[in-house]
Q: 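Could you have a look at this structure, given as structure tokens, before my questions?
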Amino acid sequence: MRRAIISTIGTSLLTNQINRANPDEKDWYSHLRDTANLSEEKTPEDVQQIIATLKQRADKQLAGAKIPQIRRASAELNGIYGIYQGDLSQGKEDIHFLVATDTIQGKITAKIVEDFLRKQGLNNTSIYSPSALSTASTEAFSLGIDALIVWLQDTIPPLKENKYKICFNLVGSFKSLQGYLNTIGMFYADEIIYIFEGEKSELITIPRLPIAVDISLIKPYTLQLALLDAGAGLSISETQGIPETMLAEVDEKMTLSTWGQLIWNQCKNDLLCEDLLPFPRLEFQDSFKADYNKEREEQPRVKLQETLAKISYLLKESNGDVSILKKHGGLQYDKYTNMGNVDHFRVTQGVRVSCRSDQGKLILYRYGKEEEVNKNPY
């Protein structure tokens, strides 16, 4: 079975290149430690030069070393070699994602690993660096984890549909990211990989546990959670009853927390494929309800309700002014030609909803394939 391997990337491959016996390099480690959370733009030029020198050394070391030396030099590569029992040629059909912090040191280290894997014939290798991910602050780390969860939700389900086995290689990276991904992996990964730190570098494989979200606990709050997922900030009173771990407070408004997003991603399909939700500022005509009820597939129903949640949230933000919908490129909100006040917006490619704006709310008429809705928008 083909694998998709997600490897977390630390910076030890760089720091291990420092010659601590050299007096000229005795302060390099402290310089790297003090600037570990900085982007390239904010990293002092002298530190950038240190990083460039260490990268050259790491590239040279990996190019000329035997497998045991490579595995000792790089925790990340140690894990990957462990997955393939020391033979990387087994992974030429696999996909490798290298998850790096949003820092110059994280990205440079990931680049070293990427270049090495490509030279070994693992060409389907890429780097993903979640925006803001670093340990500079709790807020930055949380924002980075949020971006990572969104990326995982967008990336992993299509791979699983194509019969890829999902492996989280957590041998490298810093402990706080490992801790999060160990938990996240129980939802997304088929197995989590560690290496037993000993002479033999034995592989430790943790299989995915049969974890499932108790949907009954959050089903009564499906409407609020759909709006939160769409980007809405709700009041404390509007989110009463939702488990506290699913919520975070930002600017006196409640939003989905990292774990809230993770839990919602696991159960939203089951919740959003059911009856139409009573979204604020939206009114469903009988013709629209009939079109929705004709749709038997789960995913189109889910996508429609996600789109309606976004529209509801935007209309609330604009106090019913539909011009805000026209500014949202994904909706492609526009008016029909020669059909009075009837408008339309896109759900997905080739799927449309016809509607009309009336006193700060949107009246929805039809839902379905673009050509069918265009013929009879009422």
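Keep in mind that what you see is a predicted model, and the values were worked out from it rather than measured.
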Q: Hey, could you give me the CD1/NZ distance between Ile5 and Lys165, rounded to the nearest 0.5 Å?
A: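 If I round to the nearest 0.5 Å, the distance is 10.0 Å.
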Q: For a quick test of reading the model, state the closest non-hydrogen atom pair linking Ala132 to Leu143 and the distance between them.
A: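 Looks like CB-CB, 4.2 Å.
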Q: Taking the six-membered ring for Trp, are Tyr180 and Trp259 ring centroids under 6.0 Å apart?
A: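 When the ring centroids of Tyr180 and Trp259 are compared, they turn out to be within the sub-6.0 Å range.
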Q: How far apart are the C-alpha atoms of Leu304 and Leu272, what are their side-chain angles, what is the distance that settles it, and do they pass the side chain to side chain contact (heavy atoms under 4.5 Å, CB included) test?
A: CA-CA 9 Å; Leu304 174 63; Leu272 294 183; over 6 Å; no
Q: List the residues meeting side-chain contact (heavy atoms from CB on, under 4.5 Å) with Ser235, not counting sequence neighbours, and say none if there are none.
A: Ser237, Glu238
Q: Are any of the side-chain nitrogens in Lys219 or Glu274 under 4.0 Å away from the carboxylate oxygens of its partner?
A: yes
Q: Does Lys119 pair with Asp115 as a salt bridge, N-O distance under 4.0 Å?
A: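 Looking at Lys119 and Asp115, the cut-off is not met.
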Q: For Asn341, I'd like to know if atom CG has over 12 heavy atoms of other residues, nucleotides or ligands within 6.0 Å.
A: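 Count not over threshold, so no.
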Q: Please identify each residue that fulfils side-chain contact (heavy atoms from CB on, under 4.5 Å) with Ala63, with sequence neighbours left out.
A: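 If we apply the side-chain contact (heavy atoms from CB on, under 4.5 Å) test to Ala63, skipping adjacent residues, there are no hits.
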Q: More than 12 heavy atoms of other residues, nucleotides or ligands under 6.0 Å from NZ of Lys60: yes or no?
A: no
Q: Please tell me whether Tyr81 and Arg71 have a donor and an acceptor in their side chains that are separated by less than 3.5 angstrom.
A: no
Q: Would you call Lys289 and Leu364 a side-chain contact if the rule is heavy atoms closer than 4.5 Å?
A: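 Answer no - side chains too far apart.
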Q: Mind checking what makes salt bridge (Lys or Arg N to Asp or Glu O under 4.0 Å) contact with Arg118, not counting sequence neighbours?
A: Glu114
Q: Should Asp190 and Arg3 count as an ion pair when the cut-off is N to O under 4.0 Å?
A: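 The answer is no: the pair does not qualify as a salt bridge.
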Q: When Gln261 is tested against each of Thr255, Asp146, Asp229 for side-chain contact (heavy atoms from CB on, under 4.5 Å), which residue passes?
A: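 For Gln261, the side-chain contact (heavy atoms from CB on, under 4.5 Å) check succeeds only for Asp229.
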Q: Roughly how far, to the nearest 0.5 Å, is CG of Leu247 from CG of Leu256?
A: 7.0 Å
Q: Do other residues, nucleotides or ligands put more than 12 heavy atoms under 6.0 Å from the NZ atom of Lys303?
A: no
Q: Just checking His344 against Tyr336, ring centres under 6.0 Å apart?
A: yes
Q: Measure the OG-CZ distance between Ser126 and Phe97 for me, rounded to the nearest 0.5 Å.
A: 5.0 Å
Q: Once you round to the nearest 0.5 Å, how far does CD1 of Ile184 lie from CD1 of Ile149?
A: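 Result: 4.0 Å between the selected atoms.
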Q: May I have the step-by-step check of side chain to side chain contact (heavy atoms under 4.5 Å, CB included) for Thr205 and Ile192, ending in yes or no?
A: CA-CA 6 Å; Thr205 302; Ile192 299 173; over 6 Å; no
Q: So, does Asp321 use its side chain to make a donor-acceptor pair with the main chain of Ser323 at under 3.5 Å?
A: yes
Q: Would you check if Trp264 and Leu271 make a side-chain contact, meaning some heavy-atom pair closer than 4.5 Å?
A: yes
Q: Where is the tightest heavy-atom contact between Ile195 and Ile204, given as atom of each residue plus distance?
A: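 Reported closest heavy-atom pair: C-CD1, 4.3 Å.
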Q: Which residues pass the salt bridge (Lys or Arg N to Asp or Glu O under 4.0 Å) test with Arg57, sequence neighbours left out?
A: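 With sequence neighbours excluded, Arg57 shows a salt bridge (Lys or Arg N to Asp or Glu O under 4.0 Å) to Glu25, given in chain and number order.
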Q: Does atom CD of Glu93 have more than 12 heavy-atom neighbours from other groups under 6.0 Å away?
A: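 Atom CD in Glu93 is not packed in, count stays at 12 or less.
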Q: Answer with yes or no whether the side chains of Ser39 and Glu41 bring together a donor and an acceptor at under 3.5 Å.
A: yes
Q: Do the side-chain N and O atoms of Thr103 and Asn37 include a donor-acceptor pair separated by under 3.5 angstrom?
A: no
Q: Quick check: closest heavy atoms across Val373 and Gly368, and the distance to 0.1 Å?
A: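 Smallest interatomic distance, heavy atoms only, reads CG2-N, 3.5 Å.
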Q: Does Tyr367 have Arg352 sitting over its ring (NZ/CZ under 6.0 Å from centre, angle to axis within 45°)?
A: no
Q: Is the closest side-chain donor-acceptor distance between Gln153 and Tyr188 under 3.5 Å?
A: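 Checked: Gln153/Tyr188 side chains pair up, N/O donor to acceptor below 3.5 Å.
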Q: Could you tell me whether Glu372 and Arg366 make a salt bridge, using a distance below 4.0 angstrom between a side-chain N and a carboxylate O?
A: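 So Glu372 does not pair with Arg366 through a salt bridge.
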Q: Which atoms form the tightest heavy-atom contact between Gly185 and Phe168, and what is the distance?
A: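 Scanning both residues, the minimum pair turns out to be CA-CE2, 3.6 Å.
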Q: If you look at every heavy atom in Pro130 and Asp102, which pair is closest and at what distance?
A: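 Shortest heavy-atom separation between Pro130 and Asp102 comes out as O-CB, 3.4 Å.
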Q: For a quick test of reading the model, state the closest non-hydrogen atom pair linking Thr101 to Lys107 and the distance between them.
A: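 So the minimum-distance heavy-atom pair works out to O-CG, 3.8 Å.
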Q: Does the pair Glu295/Arg301 count as a salt bridge with the N-to-O cut at 4.0 Å?
A: no
Q: Looking at the rings of Phe288 and Tyr365, which for Trp means the six-membered one, are their centres under 6.0 Å apart?
A: no
Q: Kindly compute the distance separating CZ (Phe284) from SG (Cys355), expressed to the nearest 0.5 Å.
A: 11.5 Å
Q: Would you mind reporting whether Ile112 and Leu14 have side-chain heavy atoms less than 4.5 Å apart?
A: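 Leu14 vs Ile112: side chains touch.
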Q: Do Pro278 and Leu223 have side chains that approach each other closer than 4.5 Å (heavy atoms only, starting at C-beta)?
A: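 Yes. Closest side-chain heavy atoms under 4.5 Å.
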Q: Under 3.5 Å, is there a donor-acceptor pair linking the side chains of Asp94 and Tyr84?
A: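 There is such a pair between these side chains.
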Q: Tell me if the CD atom of Glu244 is crowded by more than 12 foreign heavy atoms within 6.0 Å.
A: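 No, the 6.0 Å shell around CD holds no more than 12 heavy atoms from other groups.
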Q: Report, as yes or no, whether the 6.0 Å neighbourhood of atom CG on Asn19 holds more than 12 heavy atoms from other residues, nucleotides or ligands.
A: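 Yes, the 6.0 Å shell around CG holds more than 12 heavy atoms from other groups.
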Q: With sequence neighbours left out, write down each residue that passes salt bridge (Lys or Arg N to Asp or Glu O under 4.0 Å) with Asp343, or none if nothing qualifies.
A: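 Scan of Asp343 (salt bridge (Lys or Arg N to Asp or Glu O under 4.0 Å), adjacent residues dropped) gives Lys335.
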Q: Sequence neighbours left out, what passes side-chain contact (heavy atoms from CB on, under 4.5 Å) with Asp214? Give chain and number order.
A: Ser216, Leu217
